[in-house]
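Below is one structure, written out as structure tokens; comments come after it.
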Amino acid sequence: MQKLDESLLTHLPPFAKLHRSQIRAILDQASSKRFDPELTVFSEGETAERFYMLLDGYIRVIRITPDGEQVIALHIPAGQLFGIAPAIGRESYPATAVTAAESIILSWPTRLWTDFSTNYDGFATETYKTLGSRIGEMNNRILEMATQHVEQRVANALLRLINQTGRKTENGVEIDFPITRQNISEMTGTTLHTVSRLLSAWQKQGIVESQRKRVMVRQPHQLVELAQGPLSS
DNA sequence: ACATTAATTATGT
DNA sequence: ACATAATTAATGT
């Protein structure tokens, strides 16, 4: 196993307050692995042997319904911890983590979790921050599902994607990992057909631009408008 | 207002 | 050439 450079972690929130020696110790206990796209890192219900830091790439957090249907709960961008079951007092993973793009992932044995959170300044508070914002996001999605129409939900999903994982180009903001109509439908509780129709319509209006597995938003403001939906009553 | 079904076409290896 | 992705129309709830 070759040595990992300390600069990999120094700027990431959970480790930002630590000294080089501490980072060194953390890295020396980590294992590093590269994942191709669409590979499962861990599965729902598995015993949480390890916790993870995404160094590069994107993670999709998914759950499977009893009848085998996929639901995408969340996307995680590089620089965040995931699979942190110990932080919420669980010994099995509550969901499945799949790479959405080629990714580089560090991981540690779960038994180190208490070490990390007691000995390393800022680690605990920062992880609870990200945990908090993920819960907040999922709460918003629950509200959307219950109250909004599909068009608004798809608009909101795209907005979240470009905010969290957007890459700016000349013409707009592009989601910087491959994403299909099917994927978007799994995020919004609709069908790939409806998503396809919506994207086609929005493309004609110049709001988005999409090819196979690629979606770019040209006019975020227009999407925000659509996300508001028709004014109540 | 949306899903489902089915047929057709486009796109990437 | 083959598999996967996307579009489109028709029909159903």
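The chains referred to below are lettered A, B, ... by the order of the sequence lines, with proteins before strands, and numbering in each begins at 1.
Here A:Ser200 reaches the OP1 or OP2 of C:dT7: one of its side-chain N or O atoms lies under 4.0 Å away. Side-chain nitrogen and oxygen atoms of A:Thr180 include none within less than 4.0 Å of the OP1 or OP2 phosphate oxygen of C:dA5. Taking only side-chain nitrogens and oxygens, A:Thr190 comes nearer than 4.0 Å to OP1 or OP2 of B:dA3. Listed pair A:Thr191 / B:dC2 fails the phosphate criterion, with no side-chain N or O lying under 4.0 Å from OP1 or OP2.
You'll find a donor-acceptor pair under 3.5 Å spanning the side chain of A:Arg212 and the base of C:dT4, going by distance alone. With hydrogens and angles ignored, no donor-acceptor pair closer than 3.5 Å exists between the side chain of A:His193 and the base of B:dT4.
Between A:Lys129 and A:Glu126 there is a salt bridge, since at least one side-chain N of the basic residue sits less than 4.0 Å from a carboxylate O of the acidic one. Under the 4.0 Å criterion applied to side-chain N and carboxylate O atoms, A:Glu144 and A:Arg153 are not assigned as salt-bridge partners.
We find that CH2 of A:Trp202 is positioned 16 Å from C1' of C:dA6, with the value rounded to whole Å. For the pair A:Gln182 CD and C:dA6 P, the interatomic distance rounds to 9 Å; values are reported in whole Å. At whole-Å resolution of the value, CZ in A:Arg214 and P in B:dG12 are 11 Å apart. Taking atom CG of residue A:Leu192 and atom P of nucleotide B:dT5, one finds them 12 Å apart after rounding to whole Å. Remark: C1' of B:dA3 and CD of A:Glu69 are 12 Å apart, rounded to the nearest angstrom. The interatomic distance linking A:Glu209 (CD) with C:dA6 (C1') rounds to 16 Å, in whole Å. Separating the CZ atom of A:Arg153 from the P atom of B:dA1 is a distance of 13 Å, rounded to the nearest angstrom. To the nearest angstrom, P of C:dT4 lies 21 Å from CD of A:Gln211.
The nucleotide whose nearest atom lies closest to any side-chain atom of A:Val150 is, among C:dT8, B:dC2, C:dA6, B:dC2.
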Apply side chain to side chain contact (heavy atoms under 4.5 Å, CB included) to A:Phe116 and A:Gln29, showing your working.
CA-CA 11 Å; A:Phe116 279 32; A:Gln29 302 183 86; 4.3 Å; yes
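Donor-acceptor pairing under 3.5 Å is recorded for the side chains of A:Ser31 and A:Ser107.
Paired with A:Glu6 under the rule side-chain contact (heavy atoms from CB on, under 4.5 Å), one option of A:Ile26, A:Leu27, A:Leu18 passes, and it is A:Leu27.
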